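None of the values given here were measured: they were computed from a predicted structure. Below, chains carry the letters A, B, ... as their sequence lines are ordered, and counting in each starts from 1.
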There are 2 protein chains.
Amino acid sequence: MPAESGPAVQDFYPEHLALCYGCGRLNERGYQLKTRWDGDETVTRFTPEPYHTAVPGVVYGGLLASLVDCHSTATAAAALYRVEGREMDDGGPAHRCVTGTLTVRYVRPTPLGPELEVRGRVVSVEGRRVTVASRLVVASDVTVEVDAVVFEVLENFGATR
Amino acid sequence: MPAESGPAVQDFYPEHLALCYGCGRLNERGYQLKTRWDGDETVTRFTPEPYHTAVPGVVYGGLLASLVDCHSTATAAAALYRVEGREMDDGGPAHRCVTGTLTVRYVRPTPLGPELEVRGRVVSVEGRRVTVASRLVVASDVTVEVDAVVFEVLENFGATR
């Protein structure tokens with residue numbers, strides 16, 4: 001039973017920044033990940049498909065990297081609202097972040113089948129730079145640990161170099 | 001024009017370890033990545049689909065993490081043949097590795113459209129532990145830098161904890 005509740009960060013991404021294959025609500029081919037607060041932690045859940053395999057019985061590490069990537073950017077965006085003393089659903093300007101550096105430690109194989117839970121906490125917020133630490137939990141075991149340095153997007157992100 | 005030639009590492013993975021979503025030749029839903037030597041570097045190429053987007057015009061970071069993950073494990077396997085003074089297609093036992101730690105630095109947005117080229121080199125081989133450094137190149141620009149610590153799989157990998 002999920003402990004988290006409330007709005008999902010990704011539901012407030014501006015439309016032109018809501019096409020991400022991992023977490024864009026407007027990407028019909030994507031995973032449409034959702035990230036919510038659970039107290040001082042953020043939570044993202046996903047159940048892999050049978051073909052998301054690395055070796056038999058084990059989830060593909062690239063999928064896990066994808067999950068924790070989007071989870072980290074969402075956690076950073078969620079943190080920026082809190083720093084401002086705002087709720088993400090207050091109708092004000094939305095926060096949207098992208099990853100600078102992602103470090104993924106695969107501490108044990110992640111079993112394929114059960115729902116995966118990614119839990120994150122905000123380590124620091126320095127201007128538009130947010131550091132997030134997360135862990136992937138399945139059936140009470142931590143299988144992946146993640147450190148991410150994330151940046152709020154500039155308005156022209158992706159438009160030019 | 002690709003400079004690399006010769007056999008692809010993934011074509012020699014044992015059948016029961018050739019189901020990876022990223023690089024398993026037996027995963028019909030996957031990317032079926034192929035990694036080859038080009039001198040002392042390894043090369044993996046992939047052209048993303050239009051829906052593999054992060055924000056408009058930019059490739060999804062989770063996909064990039066997936067590419068460099070499989071590229072790193074393949075580079076490590078390729079390195080293990082060379083350490084033994086073997087060719088990967090000599091009919092002897094095949095090498096197969098999995099990622100321990102993957103560090104991905106997104107140094108600039110990766111444009112969506114052109115073919116992506118991942119180039120890797122072997123930093124060290126210590127028993128079954130291989131360190132690989134790679135970069136993702138698109139239209140002559142490096143957009144992602146990667147460090148990976150990779151391990152040759154044990155025979156019972158994934159079968160138990």
Side-chain angles (χ1 to χ4, degrees), chain A residues 13-14 16-24 27-31 33 48-70 73 96 98-112 141 143 145 147-149 151 153 157-161, chain B residues 13-14 16-24 27-31 33 48-70 73 96 98-112 141 143 145 147-149 151 153 157-161:
Chain A
Y13 288 168
H16 69 291
L17 298 176
L19 287 161
C20 175
Y21 185 67
C23 64
N27 190 327
E28 294 179 2
R29 299 286 298 261
Y31 303 137
L33 298 170
E49 299 293 336
Y51 52 80
H52 286 139
T53 183
V55 299
V58 176
V59 180
Y60 174 46
L63 175 73
L64 300 175
S66 300
L67 297 184
V68 300
D69 186 1
C70 289
T73 57
R96 178 75 165 93
V98 293
T99 305
T101 301
L102 186 71
T103 302
V104 187
R105 293 182 294 279
Y106 299 96
V107 296
R108 59 167 61 97
T110 299
L112 180 59
D141 284 330
T143 63
E145 298 170 342
D147 293 310
V149 180
F151 295 88
V153 296
F157 182 80
T160 64
R161 290 185 43 196
Chain B
Y13 287 169
H16 69 292
L17 299 176
L19 288 160
C20 175
Y21 186 67
C23 63
N27 190 327
E28 294 179 1
R29 299 286 298 261
Y31 303 137
L33 298 171
E49 300 292 336
Y51 52 81
H52 287 139
T53 183
V55 300
V58 176
V59 181
Y60 173 47
L63 176 72
L64 300 176
S66 299
L67 298 183
V68 301
D69 186 1
C70 288
T73 56
R96 178 73 165 93
V98 293
T99 306
T101 301
L102 186 71
T103 301
V104 187
R105 293 182 294 279
Y106 299 96
V107 295
R108 59 166 62 97
T110 299
L112 180 59
D141 285 329
T143 63
E145 298 171 341
D147 293 311
V149 180
F151 295 89
V153 297
F157 182 80
T160 64
R161 290 182 44 196

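- Your options are B:Cys70, B:Ala148, B:Gly100, and the one with the most heavy-atom pairs under 4.5 Å with chain A is B:Gly100.
- Residues meeting the salt bridge (Lys or Arg N to Asp or Glu O under 4.0 Å) test with B:Glu49, sequence neighbours left out: none.
- Contact count versus chain A (heavy atoms, under 4.5 Å) is highest, among B:Glu28, B:His52, B:Arg29, for B:Arg29.
- Per-residue heavy-atom pair counts under 4.5 Å with chain A were compared for B:Cys20, B:Gly30, B:Ala65, B:Pro111, and the maximum is reached by B:Cys20.
- A:Arg105 touches chain B through backbone and side chain together, each having a heavy atom under 4.5 Å away.
- When each of A:Leu102, A:Thr101, A:Asp147 is tested with B:Thr103 by the rule side chain to side chain contact (heavy atoms under 4.5 Å, CB included), just one qualifies, namely A:Thr101.
- Put simply, of A:Thr99, A:Leu63, A:Thr110, the one with the most heavy-atom pairs under 4.5 Å next to chain B is A:Thr99.
- Here B:Val104 is the residue among B:Val107, B:Asp69, B:Val104 with the most heavy-atom pairs under 4.5 Å with chain A.
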Which pairs would a plain distance check flag for residues 53-61 of chain A, meaning a side-chain donor or acceptor within less than 3.5 Å of a matching protein atom at least two apart in sequence or in another chain?
residue: A:Thr53; atom: OG1; partner: A:Val55; partner atom: O; Å: 2.9
residue: A:Thr53; atom: OG1; partner: A:Val58; partner atom: O; Å: 3.3
residue: A:Tyr60; atom: OH; partner: B:Ser66; partner atom: O; Å: 3.4

